[in-house]
Engineer: 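Mind having a look at this structure? Questions to follow.
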2 protein chains.
Amino acid sequence: MDNENEEAMNDYRLRGRIWIEGAEGTFLGYGRVVLLERIRDYASISAAARSMKMSYRHAWKLVESMNSQSRVPVVEKTTGGRGGGGSVVTQAGEQAITCFWSAYQDFKDFLAQRSENL
Amino acid sequence: MDNENEEAMNDYRLRGRIWIEGAEGTFLGYGRVVLLERIRDYASISAAARSMKMSYRHAWKLVESMNSQSRVPVVEKTTGGRGGGGSVVTQAGEQAITCFWSAYQDFKDFLAQRSENL
DNA sequence: AATCGTTATGTTTACCAGTATATAGCGTTA
DNA sequence: TAACGCTATATACTGGTAAACATAACGATT
C-alpha cells in the first residue's frame, strides 16, 4: 500500500488504569498487587517494601487497607520470634492477585485494540 | 434461584480511568473533554472554567496542552473585540470529543462487564 | 536476659498540582 | 477614545499525599 498521501500515522495512544474498589476505596491496584507478590516472595512486608523502594510505613498501610476490605485477610503477619517475624500471602491473597492480573490483561488488550484508529 | 447458601454477593467493583496520550503526555481525558464541551457551549474559556469551578489559569493551560498536541487546534481563541474576545471549538475539537466519548463508553461497558464475578 | 529483625505506629518533612492573586494586552463597539 | 471582558502570563499560596524519621513492642533463639 502506498503511504505517500495517506493521513499521518496515528501517534495517539489510549492509556489508562484500573483498580478494584471495596467499601473503603481502593482494594487492589497495580502497585498493591506487585506488593502482594513481593510479600509472597520475601515472606516479609519490610523486605518487599525495600525491594520496591517503598517506605515500610506505606507498604504496611496498603496491607492494612487490603486486609480490612477482605472478608479473609490477604496477608497474615507474625510479630516477634526468630528473625523478628514475617508475613505470608494467604490463599485469598493469591486469588486476589490472579483475579487482578486477569482483569489487567483484558484491559491491556482493550487499550491496544482501541488505540488503533484514534 | 435460591440465594441462601450462595457466596456473598460481590461487593467489589472494577473501576478505572482512561485517557488519550500524545507526544507531550495527556492529550485528552475526562476533564479535558468536559472542558472542551463547555468552551463550545459558552464560547469562552473563562466562562467554561467558571462553570466547572476551575481556575482560568488551569483551563488555559489545558487548552494550550491540547492545541499543542493536535495537528489542527481544537480550540481557536480570539483576543479583544466585543466582549473582550472568546473561543470556539473547532471541527477537530468536535471530533476529539466524539472520539473520546466513544472510547469512554466502551470502557464503561468493559468495567461493568468485568465487575461481575470479581 | 540479651539479641535480632520484623511488625506497629506516631510525628515531621518534602513535594507538587492546582488555586489564588495580580497585571498587562487586545480589539470591537458605542 | 473610552470601556468592556476576555485572553495571556507571572508569582505566590495552599492543601493533601507520600516520604522520611523515630521509636516501641514483640517473641523465638542463643
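Remember, it's a predicted structure, so these values are computed and weren't measured experimentally. Chain A is the first sequence line, chain B the second, and so forth, proteins listed ahead of strands; every chain is numbered from 1.
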Engineer: Using a 6.0 Å cut-off, check whether atom CZ of A:Arg13 has over 12 heavy atoms from anything other than its own residue.
Structural biologist: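 No, the 6.0 Å shell around CZ holds no more than 12 heavy atoms from other groups.
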Engineer: Test of understanding: with side chain to side chain contact (heavy atoms under 4.5 Å, CB included), list the residues that count as partners of A:Ser68, not counting sequence neighbours.
Structural biologist: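 A:Ser68 satisfies side chain to side chain contact (heavy atoms under 4.5 Å, CB included) with A:Glu24 once adjacent residues are dropped.
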Engineer: So which pairs with a foot in residues 65-100 of chain A pass ring-ring contact (aromatic ring centres under 6.0 Å, His included), sequence neighbours left out?
Structural biologist: A:Phe100-A:Tyr104
Engineer: Going by the rule side chain to side chain donor-acceptor pair (under 3.5 Å), which residues pair with B:Asp109 if we only count those two or more places apart in sequence or in a different chain?
Structural biologist: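 Side chain to side chain donor-acceptor pair (under 3.5 Å) list for B:Asp109, sorted by chain: B:Gln105.
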Engineer: Tell me, please, which residues at least two apart from B:Arg82 pass side chain to side chain contact (heavy atoms under 4.5 Å, CB included).
Structural biologist: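 With sequence neighbours excluded, B:Arg82 shows a side chain to side chain contact (heavy atoms under 4.5 Å, CB included) to no residue whatsoever.
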Engineer: Counting only side-chain nitrogens and oxygens, does B:Trp60 get under 4.0 Å of the OP1 or OP2 atom of D:dA8?
Structural biologist: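 Answer is yes, contact under 4.0 Å.
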Engineer: Can you list, in residue-number order, the parts of residues 35-45 of chain B that come under 4.0 Å of DNA chain D, counting heavy atoms only?
Structural biologist: B:Ser44, B:Ile45
Engineer: Heavy atoms of chain B, cut-off under 4.0 Å: which first and last nucleotide of DNA chain C, 5' to 3', fall inside that, if you could look?
Structural biologist: C:dG18 to C:dT29
Engineer: Show me, pair by pair, the donor-acceptor contacts under 3.5 angstrom made by side chains of residues 110-118 of chain B, not counting sequence neighbours?
Structural biologist:
residue  : atom : partner  : partner atom : Å
B:Arg114 : NH1  : A:Asp106 : OD2          : 2.1
B:Arg114 : NH2  : A:Ser102 : OG           : 3.2
B:Ser115 : OG   : B:Leu14  : N            : 2.9
B:Ser115 : OG   : B:Leu14  : O            : 3.4
B:Ser115 : OG   : B:Leu111 : O            : 2.8

Engineer: Tell me every residue that passes side chain to side chain contact (heavy atoms under 4.5 Å, CB included) with B:Gln95, counting only those two or more places apart in sequence or in another chain.
Structural biologist: B:Gln91
Engineer: For residues 69-88 of chain A, which residue pairs pass the ring-ring contact (aromatic ring centres under 6.0 Å, His included) check, not counting sequence neighbours?
Structural biologist: none
Engineer: Using the 3.5 Å cut-off, write out each protein N or O paired with an N or O of nucleotides 18-29 of chain D and the distance between them.
Structural biologist:
residue : atom : partner : partner atom : Å
D:dC26  : O2   : A:Gly80 : N            : 3.3
D:dG27  : O4'  : A:Gly81 : N            : 3.1
D:dG27  : N2   : A:Gly81 : O            : 2.9
D:dG27  : N3   : A:Gly81 : N            : 3.0

Engineer: Partners of A:Ser51 by side chain to side chain contact (heavy atoms under 4.5 Å, CB included), sequence neighbours excluded?
Structural biologist: A:Arg38, A:Tyr42
Engineer: Check salt bridge (charged side-chain N to carboxylate O under 4.0 Å, His left out) between B:Glu37 and all other residues, then give those that pass, not counting sequence neighbours.
Structural biologist: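 Counting only residues at least two positions away or on another chain, B:Glu37 forms no salt bridge (charged side-chain N to carboxylate O under 4.0 Å, His left out).
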